[in-house]
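Excluded from the calculations below are hydrogen atoms, water molecules and symmetry mates; all remaining heavy atoms, backbone and side chain alike, are included.
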Amino acid sequence: MRIAAAVALLALTGCSASKGTTNPAAPSEQASSSVAAQPLTQAAVKAAAGEEFDAYASGDYAGAREIWTASAKKTISQQNYEKLFELCPPVAAGLPFTIKAVRLAPDKKSAVVRAQRSIALISFRFVYEGGQWRYVPSAANLRDYRTKTPAQLAAGLRKDGGCAKS
């Protein structure tokens, strides 16, 4: 049961900037106007979610973060996001996600993706931003990214059994 909780806890978790600070996204992290717009369809959301989940599961945390919304990226730098995983390798590293369902909102500008990883079934939110489907980290994760350092987040995860043995 503890492993299931850790898997759920670590599903797309991240790290934070120093307390009380934000890390504005670099210009290279902004949506490019040369990128073709994704359609407002379940298939497009599923493709974006698949890329997010595959990047994260494979340990490409920078690649996973690239699919976040612009405002989410501003809560934590790529360097700090990756630092957490150096300090606390995820218990479920390498375990893929299986997308079970995609539900578009009536306005087709947001969606909920249900995905399974090991025995955990988790819902993730995506929004349509700048012509692309983008992942929205949970409010709790975003708060932690703004108020805790990577070391503080890693310590909390370690206490909850969320770090792989290193």
Side-chain angles (χ1 to χ4, degrees), residues 4-17 22-26 28-32 35-78 80-82 84-85 88 90-148 150 153-154 156-157 160 162:
V7 169
L9 180 65
L10 287 173
L12 299 181
T13 193
C15 73
S16 69
T22 59
N23 297 300
S28 65
E29 295 174 339
Q30 301 302 318
S32 170
V35 175
Q38 295 172 329
L40 296 168
T41 63
Q42 286 181 326
V45 176
K46 185 175 183 177
E51 179 60 28
E52 169 71 19
F53 301 156
D54 287 351
Y56 182 85
S58 71
D60 178 11
Y61 305 115
R65 185 181 165 278
E66 281 302 309
I67 300 168
W68 289 13
T69 62
S71 62
K73 287 180 191 177
K74 289 178 183 178
T75 66
I76 184 168
S77 70
Q78 179 177 319
N80 280 345
Y81 187 68
E82 292 179 293
L84 172 63
F85 301 107
C88 175
V91 169
L95 290 177
F97 291 82
T98 302
I99 296 173
K100 298 299 215 173
V102 175
R103 181 178 48 82
L104 278 175
D107 68 359
K108 297 186 178 186
K109 299 285 181 144
S110 65
V112 173
V113 175
R114 286 192 312 259
Q116 185 169 359
R117 190 174 198 204
S118 184
I119 60 173
L121 184 61
I122 310 155
S123 291
F124 299 95
R125 188 166 163 248
F126 284 76
V127 297
Y128 197 71
E129 176 181 271
Q132 303 294 306
W133 285 102
R134 300 290 181 182
Y135 171 64
V136 181
S138 72
N141 280 346
L142 291 172
R143 181 186 61 246
D144 285 347
Y145 301 155
R146 283 189 298 270
T147 61
K148 296 179 182 176
L153 276 172
L157 289 169
D160 292 337

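Ile67 has its side chain out of reach of Trp133: every pair of non-hydrogen atoms, C-beta onward, lies at least 4.5 Å apart. Taking the side chain as every heavy atom from C-beta outward, Lys73 and Gln78 never approach each other to under 4.5 Å.
With sequence neighbours left out, Thr41 forms a side chain to side chain contact (heavy atoms under 4.5 Å, CB included) with Pro39, Ala43, Ala44.
Panel note: side chain Arg117, backbone Leu95; a donor-acceptor pair is recorded below 3.5 Å.
The CD1 atom of Ile99 sits 10.5 Å away from the CD atom of Glu52 when rounded to the nearest 0.5 Å. Of the inter-residue distances, the one linking Ser77 atom OG with Glu82 atom CD reads 9.0 Å to the nearest 0.5 angstrom. Expressed to the nearest 0.5 Å, how far CZ of Arg146 lies from NZ of Lys74 amounts to 12.5 Å. Atom CZ of Arg134 sits about 10.5 Å away from atom CZ of Phe126, to the nearest 0.5 Å. To the nearest 0.5 Å, atom OG1 of residue Thr147 and atom CG of residue Leu153 are 7.5 Å apart. From Lys46, atom NZ reaches atom CG of Leu104 across 13.0 Å, with rounding to the nearest 0.5 Å.
One finds no salt bridge joining Lys109 and Glu129 here, because no Lys/Arg side-chain nitrogen approaches an Asp/Glu carboxylate oxygen to under 4.0 Å.
Summarising the geometry of Ser58 relative to Ala55, their closest heavy-atom pair is OG-O, 3.0 Å, with the distance given to 0.1 Å.
Taking the six-membered ring where tryptophan is involved, the planes of Phe124 and Phe53 are tilted, since the angle between them lies from 30° to 60°.
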